[in-house]
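Worth saying up front: this structure is predicted, and the values here are computed from it rather than measured. The first residue in the sequence is number 1, and the count goes up from there.
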Amino acid sequence: MTGVRRTTLSLREPDAVERCLTDSFPDLRYARTDPATFRVGLDAVAADRFSVVDLTWDVSGTAVTGSTGLTVVTISGRFDGMHGRDAVDIRQPFLAPAEGLEAAWDAHHASVVALDLPAVERIARVATGNEGLRIHGTGTAPLSPELAAYWGATVRGIRSAIDATPDVFSLPMIAAATFHQLATAFLHAFPTNWLETSDGDVGGSAVVRRAIDFMHGHIAEPITMTDVAKAAFITARGLHAAFTRERGETPMQYLRRIRLDAVRADLLTGGSDATVAAVARRWGFAHLPRFAAQYRGAFDERPSETLRR
């Protein structure tokens, strides 16, 4: 484990930007730029299995590109993207397609998260029981606004933790847990083929994956186990049995855990006006004393201590 590597640059040549982004966008080519005014600010953090690159573009341009890996882009500012005949919705994060992304922009900010594809595939294979699974994108837009928010909160929380304590990411346990959190959020938030696979066990992994997908998609809503079972096309009793057999926890325990993860991610990035109560309610915790006890049991600290970091 090498920990986190940080790079901050001000780039004034298109070729320099292409070189910096070659791992995520190996086919990036500019169709139009103004060399006299070209300037891109780059602030990147890279770990062994993922990177987060923030780019600030001060100039207009166009490009045709694609990503051979798993790359999620979040844009603020003027950016028009097309993939084939479909417009890319930049109001939410999007999964960069393998090829054919046509883009035109003015000054804007882009956050690019790149995940190590083989490492994500290993996690997906364990979850599905499909040892031959190869992950590929099946669209660009997140599967729901709630999952887009969950992805954003996860990335913000990880980036904040890296900024605050970069040295701890050289510890194998911390690095592995962080990547697993990011990869799991990606698999549930963006359209890939992993939920379409099945190991042939009726009432088993396919059912559990549908239930997990539904829970991530409705993470902040007051859903019940009956709602989850209906979405997974199984009885509540059958879902409970399948879930506990495969994951060693009940569906509601899993839902509470991912909600607590979302709360923690928001608390770590909370501004001066953030409150524990507001964040907890945002993610479906209405009973604050019970929430506080559950949070402390999960993370061995009070939510207020997380917020003060």
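- Remark: side-chain polar atoms of T244 are paired, donor with acceptor, to backbone N or O of H240 under 3.5 angstrom.
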Evaluation steps, side-chain contact (heavy atoms from CB on, under 4.5 Å), between V207 and F243: CA-CA 9 Å; V207 165; F243 221 93; over 6 Å; no

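- Counting only distance, with no hydrogens or angles, the side chain of R259 and the backbone of I219 share a donor-acceptor pair below 3.5 Å.
- Here the shortest heavy-atom pairing between P93 and A148 reads CD-CB, 4.0 Å.
- Using cut-offs of 30° and 60° for the angle between ring planes, the F179 and F50 rings count as parallel.
- Annotation: side chain of L95 is in contact with side chain of F186 (closest heavy-atom distance under 4.5 Å).
- Separating the OG1 atom in T192 from the NE2 atom in H136 is a distance of 8.0 Å, to the nearest 0.5 Å.
- Note: I123 CD1 to I135 CD1 = 10.5 Å, rounded to the nearest 0.5 Å.
- Remark: the backbone N or O of L147 is paired with a side-chain donor or acceptor of S144 at under 3.5 angstrom.
- Scanning both residues, G77 and H108, for their nearest heavy atoms gives CA-CB, 3.9 Å.
- Between the T138 side chain and the P191 main chain, a donor and an acceptor come within less than 3.5 Å of each other.
- Distance check: E121 CD to L115 CG gives 11.5 Å after rounding to the nearest 0.5 Å.
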Apply side-chain contact (heavy atoms from CB on, under 4.5 Å) to the pair W57 and H109, showing each step before the final yes or no. CA-CA 6 Å; W57 299 78; H109 179 269; over 6 Å; no

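- Taking a 6.0 Å sphere around CZ of R134, one finds it holds 12 or fewer heavy atoms contributed by other residues, nucleotides or ligands.
- For the salt bridge (charged side-chain N to carboxylate O under 4.0 Å, His left out) test, residues two or more places apart in sequence or in another chain that qualify with D163 are R6, R159.
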Taking it one step at a time, do L55 and V53 satisfy side-chain contact (heavy atoms from CB on, under 4.5 Å)? CA-CA 6 Å; L55 297 158; V53 181; 4.0 Å; yes

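- By the 4.5 Å heavy-atom criterion applied to side chains, E301 and T306 are counted as neighbours.
- Remark: side-chain polar atoms of T71 are not paired, donor with acceptor, to backbone N or O of S67 under 3.5 angstrom.
- The side-chain heavy atoms of V276 and F291, taken from C-beta on, include a pair separated by under 4.5 Å.
- Heavy atoms only, all atoms of each residue included: S111 and V52 are closest at OG-CG1, 4.1 Å.
- Residues passing the salt bridge (charged side-chain N to carboxylate O under 4.0 Å, His left out) test with R296: none are found, sequence neighbours excluded.
- For the pair T154 and A185, the tightest heavy-atom approach, listed with the atom from each and the gap, is OG1-CB, 3.9 Å.
- H218 is linked by a ring pair (Phe, Tyr, Trp, His ring centres under 6.0 Å) to F214, counting only residues two or more places apart in sequence or in another chain.
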Test side-chain contact (heavy atoms from CB on, under 4.5 Å) on L101 and V64 and set out the steps. CA-CA 6 Å; L101 175 62; V64 179; over 6 Å; no

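- V45 has its side chain out of reach of R5: every pair of non-hydrogen atoms, C-beta onward, lies at least 4.5 Å apart.
- Expressed to the nearest 0.5 Å, how far CG of L288 lies from OH of Y295 amounts to 14.0 Å.
- Counting non-hydrogen atoms of neighbouring residues, nucleotides and ligands closer than 6.0 angstrom, the NE2 atom of H180 reaches no more than 12 such neighbours.
- At least one side-chain heavy atom of L42 sits under 4.5 Å from a side-chain heavy atom of T7.
- Each of I75 and M82 belongs to its own hydrophobic cluster when Ile, Leu, Val, Met, Phe, Trp and Tyr are linked at side-chain heavy-atom distances under 4.5 angstrom.
- Using a 4.5 Å heavy-atom threshold, the side chains of F79 and D106 count as separate.
- Closest heavy-atom contact between M225 and P251: SD-CG, 4.0 Å.
- When atom types are taken as modelled, the side chain of Q181 and the backbone of T178 share no donor-acceptor pair closer than 3.5 angstrom.
- Under the 3.5 Å distance criterion, the side-chain polar atoms of H83 are matched with a main-chain donor or acceptor of E99.
- Residues H188 and L143 fail the side-chain proximity criterion, which asks for heavy atoms closer than 4.5 Å.
- Looking only at side-chain heavy atoms (C-beta outward), L182 and R49 stay at 4.5 Å or farther from each other.
- Every residue meeting the salt bridge (charged side-chain N to carboxylate O under 4.0 Å, His left out) condition with D89, not counting sequence neighbours, appears here in chain and number order: R91.
- For the side-chain hydrogen bond (donor to acceptor under 3.5 Å, both in side chains) condition, the pairs that include at least one residue of residues 283-293, sequence neighbours left out, are D266-W283.
- Atom OG in S10 sits 12.0 Å away from atom CG in D43 (nearest 0.5 Å).
- Considering all non-hydrogen atoms of both residues, L133 and A124 come closest at CD2-CB, 3.6 Å.
- Among residues two or more places apart in sequence or in another chain, the salt bridge (charged side-chain N to carboxylate O under 4.0 Å, His left out) test is passed with E102 by none.
- The CZ atom of R12 sits 8.5 Å away from atom CG of D58, with the distance rounded to the nearest 0.5 Å.
- Using a distance-only test at 3.5 Å, with no hydrogens or angles considered, a donor-acceptor pair links the side chain of S170 to the main chain of D167.
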